[in-house]
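All ligand and atom numbering here is 1-based and tracks the order in the structure.
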Amino acid sequence: MARPKIALIGAGQIGGTLAHLAAMKELGDVVMFDIAEGIPEGKSLDIAESGPSEGFDARLKGTQDYADIAGADVCIVTAGVPRKPGMSRDDLLGINLKVMKAVGEGIRDNAPDAFVICITNPLDAMVWALREFSGLPHAKVCGMAGVLDSARFRHFLSLEFDVSMKDVTAFVLGGHGDTMVPLTRYSTVAGIPLPDLVKMGWTTQEKLDAIVQRTRDGGAEIVGLLKTGSAYYAPATSAIEMAEAYLKDQKRVLPCAAYCDGQFGLDGFYVGVPTVIGAGGIERIVDIKMTKDEQAMFDHSVGAVKGLVEACKGIDETLA
Ligand code: APR
């Protein structure tokens, strides 16, 4: 059987890391597309030359031609510009919307059967626009945010509790931004919910609140340190986890930006929710009941995403 084909649209910091991880995990052959001539070619060759030492079998190719992504099983989209210090993800909207149009049409014309994972920010609006421009089925287009946000939350919690990150689970809903909703009652250490751990004296409510806030600001913390761009190791790893779930039909339960049509009371809208990812793409959305407080936070987050989608419609009338 031929190896799966993974197309990476955008060969920048995240794109390069995606290619390296996909090759090392032998998820398939990799095609990197970028408008910057030489960058995808150079990164592909460099990673391919690590193959003999690492011992992986994967072909890598860089290109400026969308025809080379033909028949891709998975497309991961990072094309666009990242934030600089002082910028919010929303500041990227205008420029990255134009990029989503070109990318959406390129995928529509060359890889219409692919499972598409969007990473470009502002994520929830960009994945919506990418789906509109590509015309692919909603279940085959999703956004990577929740896996990353919950990974950040799990990392911070593991430090607080001095336990393995593997034993910490986290549940994050809503938009990928300052309004994201980490649900503490569904986040656990080996099944023990965080509110119980507060009662057990493992941490205090104040410390937990500070960790939730650090999670919300997790992207900005990295931007502030790097100064020249945004995070890429953890975002790439998160998207690879989603791609692997699709390619291996793992039926993983992962939070991601998915199209909700009825679920969570939403009417045709992309936002971060728990999903089941398998060979069908987004096979299910896990529609949980929220408390009044959680619902209020979720509604606030959805409101922010809706505002960005309206702004997209204002910029590109074909979306209205
Ligand atoms: N088509 C293809 N590639 C493009 C296009 C386009 N129309 N426009 C820009 N690119 C490429 C750039 O040439 C660059 O190589 O996208 C790449 C983006 O890479 P980086 O600038 O290194 O950004 P990165 O850190 O990878 O982040 C990409 O993901 O997390 C989000 O906010 C982040 O929106 C940003 C995206």
What residue among Lys61, Lys5, Arg3 forms side chain to side chain donor-acceptor pair (under 3.5 Å) with Asp29? Arg3
Taking the ring centre of each residue, are Phe269 and Tyr259 less than 6.0 Å apart? no
Identify, for [atom], the protein heavy atom at the shortest distance, and state residue, atom and that distance.
atom	result
atom 7 (N) of ligand 1	Val99 CG1, 3.6 Å
atom 18 (C) of ligand 1	Gly80 O, 3.2 Å
atom 19 (O) of ligand 1	Gly12 CA, 3.2 Å
atom 36 (C) of ligand 1	Thr78 O, 3.5 Å

Check the side chains of Asp149 and His176 for a donor-acceptor pair under 3.5 angstrom, ignoring hydrogens and angles. yes
For the side chain of [X] and the backbone of [Y], is there at least one donor-acceptor N/O pair under 3.5 Å apart?
X	Y	value
Glu49	Asp46	no
Asp73	Ala114	no
Asp217	Arg214	no
Thr275	Arg284	no
Glu221	Gly218	no

Would you mind finding which of [options] brings a heavy atom closest to [atom]?
atom	options	answer
atom 4 (C) of ligand 1	Ala36, Gly15, Ala79	Ala79
atom 17 (C) of ligand 1	Ile35, Ile119, Asp34, Thr228	Asp34
atom 27 (O) of ligand 1	Ile14, Asn121, Leu148	Ile14

Rounded to the nearest 0.5 angstrom, the CG-CG distance for Asp316 and Leu97 is 5.5 Å
Closer than 4.0 Å to some heavy atom of [X] - which atoms of ligand 1 meet that?
X	value
Val81	34 (O), 35 (C)
Phe33	1 (N), 2 (C)
Asn96	34 (O)

State if Gly229 counts as touching ligand 1 under the rule of any non-hydrogen atom under 4.0 Å. no
If we only consider heavy atoms of Ile39, is any one of them less than 4.0 Å away from an atom in ligand 1? no
Residue part near ligand 1, for Leu123, under 4.0 Å between non-hydrogen atoms: neither
Contact partition for Pro82 relative to ligand 1, non-hydrogen atoms under 4.0 Å: both
Could you check Lys251 against Asp249 for salt bridge (charged side-chain N to carboxylate O under 4.0 Å, His left out), going step by step and ending with a plain yes or no? CA-CA 6 Å; Lys251 319 266 186 213; Asp249 192 21; 3.1 Å; yes
Heteroatom distance test (Gln13, ligand 1): nitrogen or oxygen, under 3.5 angstrom: yes
